Number of protein chains: 2
Amino acid sequence: LDDELLDAAQAKLDNKTKPLGSLGRLEDFARRVVAITGSLAPETGKKIIFTFAGDHGVVEEGVSAFPKEVTPQMVLNFLRGGAGVNVLARHAGAEVRVVDIGVDYDFAPQPGLIIRKIAPGTKNLSIGPAMTRAEAIAAIEVGIELARSAKEEGAAMIATGEMGIGNTTPSSAIIAAFSGISPRELTHRGTGIDDAALDRKVSAIERGLKVNAPDVADPLDVLAKVGGLEIAGIAGLVLGGAACRLPVVVDGFISTAGALIACELNPDVGQYLFAAHHSVEIGHRVMLERMKLEPILDLKMRLGEGTGAALAMGLIEAGVKILKEMASFEEAGVTQSNT
Amino acid sequence: LDDELLDAAQAKLDNKTKPLGSLGRLEDFARRVVAITGSLAPETGKKIIFTFAGDHGVVEEGVSAFPKEVTPQMVLNFLRGGAGVNVLARHAGAEVRVVDIGVDYDFAPQPGLIIRKIAPGTKNLSIGPAMTRAEAIAAIEVGIELARSAKEEGAAMIATGEMGIGNTTPSSAIIAAFSGISPRELTHRGTGIDDAALDRKVSAIERGLKVNAPDVADPLDVLAKVGGLEIAGIAGLVLGGAACRLPVVVDGFISTAGALIACELNPDVGQYLFAAHHSVEIGHRVMLERMKLEPILDLKMRLGEGTGAALAMGLIEAGVKILKEMASFEEAGVTQSNT
């Protein structure tokens, strides 16, 4: 990011009617949005959450508390506006677009649904590669394209979200691969599995890493072998957003796995990202530290879909409005501090 | 709060299309608003921030980085919509009402300004009582009345805010009195004072506690002797809100000092409160622990005015909307978890 833009934004903030720095992270949000977009009065308003949906072959190992059919059921719930992300997106004034990038179900075309299916789900990563390298690249390209079209439509900010029964398993596998931390230590209960299912999940990840031996120097190899189609789509959205100077808000654990792939491909991408929230998933903190991102909210949420991103978008936008709408000392006729 | 209402709200939340408890604190917000208001589908929409303004005699001890004239200047800034709280309130869909409860300046009547001046500022608390007991009670009554009228107007939620150059000094004095922690340990740099001013601030509080010897078994005595008029108004708003079953969002450090007075008068009041955010002021955490409140946001803000409350109101409202707007498993045709 451009230091001159960061400084110009801070100078503008420092002239607002408030003690220096007293709006804390809101000022940081404003400064970064200025440097990302290249405007000292960045647009607000149009905000789009892309919720990528995909299925996971590894579900046959019994790693999730919900059956696989819940993925398409939830996609239909998103399209009817009844899911958590719909409620929170409406609250934040954001639009939800659902991307079928890999659901094992054939949806009829309908408003709000973007059908860009690369495959009807991944293969079981515990016994072989989840995807081919070509599939992973194609899924990334979907995300890049969506970010680009959002920019062309005039979006001020975009965000990631996901739905995919079983998708904390590939996410944990990705972070285990990059961090070298054991799956046992990193793996959490996802949507709420019991001890036996947790053991199956850890075992599936351990076997997957062993049988696939992903090459961490080649992030696409990690993504293809132990990732997921929605995770690849998110990685693409993040890369595409950064490339066209759009702030990208990264939701929780699974979205962060996608963002991590993007950052491993190009570490500069991290500067364009906002981490929405702390997740209760153990591996999440490890990934955020790796990307040098500090989460905005900590509301003990673990739903995914883009729910945390919806709330964080509202806070980032608040920071931009401070920059644009607050009066300066001169405008307001307020005496400045003596220090 | 009514346990049956809390349970009924949780049962409704548990039937929404999401893993149990996965919306974390948003679910807690919804549950508490249900129990506070007595409705399983609480109203959202009308939100009012009361920003109480008052001056402080202790400013003559050189405890603030800003001169006293900034209090009325900022009131005028609020009324023109140019201050931080105005920007963030507009963002959250909340209204700001400014209450002149003790500014040393005569404002012309104007829209958005409620003139209920008890005195033109407090006296210098470092050499004697800040207020008489009658003044403190009158200021509390103003707050109670404003909460009641907000309820009658149909407000769904109210919040506290304040403006008063020098008002971190009485706030620190109040918490030092109740906690027994030394002023040196508790006192922070407020709007950004230097070492010499910090020493003057600590000394003013130490002298004030010594000369006034406030009786902590009598919270009104503490308020009158080392408090402030805006702090008293906030205490009243909190008491009044709880009495008429309105959720009250408490802004940062100074507002929390007002809420603390209310909770010391009646400990049940705490259940009706939401602590907006962590403040960087050291005494803030001590007060929140005393009231058993967990702050919602941590954005390193230290502006006051109601800025943190405005952002927190948006998040509490998001929780209520989850309860009201999300589809149930049955409505959405989604299969439930197997656990």
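Being a predicted model, the structure only gives us computed values, none of them experimental. Sequence lines set the chain letters: A, B, ... in the order given, protein chains first and strands last, and positions in each chain run from 1.
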Please check if any side-chain donor atom of A:E61 sits under 3.5 Å from a side-chain acceptor atom of A:H56, or the reverse. no

For the interface with chain B, which of A:R25, A:R90, A:K300, A:Q73 has the highest count of heavy-atom pairs at distances below 4.5 Å? A:Q73

May I ask you to name which of A:S22, A:G24, A:S328 has the most heavy-atom pairs under 4.5 Å with chain B? A:S22

Which one of [options] has the most heavy-atom pairs closer than 4.5 Å to chain A?
{"options": "B:E69, B:K321, B:H91", "result": "B:H91"}
{"options": "B:A327, B:G333, B:A318", "result": "B:A318"}
{"options": "B:M301, B:K324, B:E27, B:E331", "result": "B:M301"}
{"options": "B:E305, B:R80, B:E325, B:E294", "result": "B:E325"}

Would you mind checking which part of [X] comes under 4.5 Å of any heavy atom in chain B, side chain (CB onward), backbone (N, CA, C, O), both or neither?
{"X": "A:L297", "result": "side chain"}
{"X": "A:I296", "result": "both"}
{"X": "A:F329", "result": "side chain"}

Keeping the roles fixed (side chain from [X], backbone from [Y]), state whether a donor-acceptor pair exists under 3.5 Å.
{"X": "A:K18", "Y": "B:G84", "value": "no"}
{"X": "B:N15", "Y": "B:K12", "value": "no"}
{"X": "A:D251", "Y": "A:G306", "value": "yes"}

Would B:R302 pass as a cation-pi partner of B:F253, given that its NZ or CZ must be under 6.0 Å from the six-membered ring centre and within 45 degrees of the axis? no

Are B:D55 and B:K68 within salt-bridge range, i.e. N to O under 4.0 Å? no

